[in-house]
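Here the structure is laid out as structure tokens; the discussion comes afterwards.
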There are 2 protein chains.
Amino acid sequence: MQAETHAELPRRGAILAAATQLFLAHGYAGASMSAVAAACGIRKASLYHHVPSKEALFSACVTEAYDAATEALSRIRDDPTLGHEDRVRAAFGEVYRVVVDSPVGRLSPIIAEVALRFPGVARAFHESFVVRQHEIMNAILAAGVAEGAFAPHDVLAMEHLIFGPPVTLSLSREMFASFEDRDVLLPVERVRDGHCDLVLRLLRAS
Amino acid sequence: MQAETHAELPRRGAILAAATQLFLAHGYAGASMSAVAAACGIRKASLYHHVPSKEALFSACVTEAYDAATEALSRIRDDPTLGHEDRVRAAFGEVYRVVVDSPVGRLSPIIAEVALRFPGVARAFHESFVVRQHEIMNAILAAGVAEGAFAPHDVLAMEHLIFGPPVTLSLSREMFASFEDRDVLLPVERVRDGHCDLVLRLLRAS
DNA sequence: GTCTATATTTCGATAGAC
DNA sequence: GTCTATCGAAATATAGAC
């Protein structure tokens, strides 16, 4: 009951969610504190009771978005019931989900916008999200190589070959979000499955 | 002599170049008309003598950037002296050059920022740049398939496999431009060559 | 074609009542 | 913790002299 009453109040989580949506839609400079407050149903002055500054608000949006993003991928890496190829397929599904659908993946262009002003945000995003995702995926592939299921390969090139398409797909879907035929031009499932097939063929090849 | 005198004046090309740099560095909303004027060495009111509005200025930056971007790729497609694999390698070099180094490729995240407000800019960018680049690259691969040099493949997945890594590399280099070790983390040539090798192995495979 | 000056709005952020 | 009211700065854009 207490939880229900407070659920409609602009708690911190609701503020970060509303702010994230506005940053995604209009960029950092284009998302005003007034608009964030209005989306929360409060006035701008009240918003400053919850966050000390716009920079701190954006930093919190990024930080709290990636904090849980690598857990699902870690579980796939550690799942003993999966064969090597099924593990790669599951990992692709999780990467596409995080990069294309979740705020943390879609925030990348906004981080690029403020990277020069707030280098700490970019650095934290890189270390806490990008590097971790790459490390887990590399570990999944390395395990397959160690057991002879996958062929050795150029790790740097394979990293970009795996993460490049979903990141670009996410950016393209933001760029062309106003197109009525966006989901026909940029179908997530078809790209993901076709992409995964091609990568698996490379991993099998000697 | 006349050309030399006017070369130092803020002609249209110089204005677009300065504006592009500022849009890339600070985003659409973060790049002010005052800053653009200052970069051209004139006052803000004078800038409005050359462009009617900020939206028109940004639109011109995008349009005039992609107008010549597909010519080099077309020449590679039509070069009869190249073998199929060498043609693919040359095309990869051109794609990475355009996407990673040229303004037109790097403007993608800024277009995403304004896509909801200026859908026409996003549509023109898609039709005049993205679609054309994809069409030419598909034609290069299809010619190899027709002559038996390359194996048939999923065209949509291959498109994303080819363009995904360079676009993501470009975005990542913008995001992490403040890192002193950026060129070590994100080396363009190494990624490009490793990427091209992997794609060629896929094209050769049955 | 560039300038000074200004109109108008909105920005991020603060003060202080309740 | 939300509100009204406001600050100083900066935004886009315009007017009019030269």
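Heavy-atom basis, side chains included; hydrogens, waters and symmetry copies ignored. Naming convention: chains lettered A, B, ... in sequence-line order (proteins, then strands); numbering from 1 in each chain. Just so we're clear, the structure is a prediction, and the values are computed from it rather than from any experiment.
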| Can you check the B/His49 NE2 to C/dG1 P distance for me, whole Å? | 4 Å
| Separation of atom CZ in B/Arg11 from atom P in C/dT2, rounded to whole Å | 11 Å
| task | Would you mind reading off the distance between B/Leu47 atom CG and C/dC3 atom C1', rounded to a whole angstrom? | result | 14 Å
Every protein N/O lying under 3.5 Å from an N/O of nucleotides 14-16 of chain C:
none

| field | Contact list for residues 162-177 of chain A, test salt bridge (charged side-chain N to carboxylate O under 4.0 Å, His left out), sequence neighbours left out | value | A/Arg106-A/Glu174, A/Arg173-A/Asp183
| What's the NE2-C1' distance between B/His50 and D/dT14, to the nearest Å? | 16 Å
| query | Is the cationic atom of A/Lys54 (NZ for Lys, CZ for Arg) positioned less than 6.0 Å from the six-membered ring centroid of A/Tyr28 and within 45 degrees of its normal? | reply | yes
| What is the distance, rounded to the nearest whole Å, between atom CG of B/Leu57 and atom P of D/dA11? | 15 Å
| field | Test side chain to side chain contact (heavy atoms under 4.5 Å, CB included) applied to A/Ser46 - qualifying residues, sequence neighbours left out | value | A/Ile42, A/Arg43
| Aromatic rings A/Tyr96 and A/Phe92: how do their planes relate, parallel, tilted or perpendicular, breaks at 30° and 60°? | parallel
| message | Can you pull out the residues from residues 19-32 of chain B that lie within a 4.0 Å heavy-atom distance of DNA chain D? | response | B/Ala31, B/Ser32
| note | In whole angstroms, the gap separating P of C/dT10 from CE of B/Met33 amounts to 18 Å
| field | Candidate nucleotides C/dA13, C/dT2, D/dC3, ranked by approach to the side chain of A/Arg43 - the nearest | value | D/dC3
| request: Considering only NZ, NE, NH1 and NH2 on the basic side and carboxylate oxygens on the acidic side, decide whether A/Asp78 and A/Arg87 come within less than 4.0 Å. | output: no
| message | With a 3.5 Å distance limit and no angle check, can you tell me whether B/Ser128 reaches the backbone of B/Ala124 through a side-chain donor-acceptor pair? | response | yes
For residues 18-26 of chain B, run the donor-acceptor check on the side chains, cut-off 3.5 Å, and write out each pair with its distance to 0.1 Å, sequence neighbours left out.
residue: B/Thr20; atom: OG1; partner: B/Leu16; partner atom: O; Å: 2.7

| query | What do the steps show when you test A/Arg123 against B/Asp181 for salt bridge (charged side-chain N to carboxylate O under 4.0 Å, His left out), and what is the final call? | reply | CA-CA 11 Å; A/Arg123 175 63 75 177; B/Asp181 57 346; 3.7 Å; yes
| said: Whole angstroms only, please: what is the CD1-C1' distance between B/Ile15 and C/dT2? | reply: 12 Å
| request: Counting heavy atoms from C-beta on, name the nucleotide in C/dG1, C/dG12, D/dC3 closest to the side chain of A/Ile42. | output: D/dC3
| request: Return the set of residues passing salt bridge (Lys or Arg N to Asp or Glu O under 4.0 Å) with A/Glu135 (not counting sequence neighbours), or none when no residue passes. | output: none
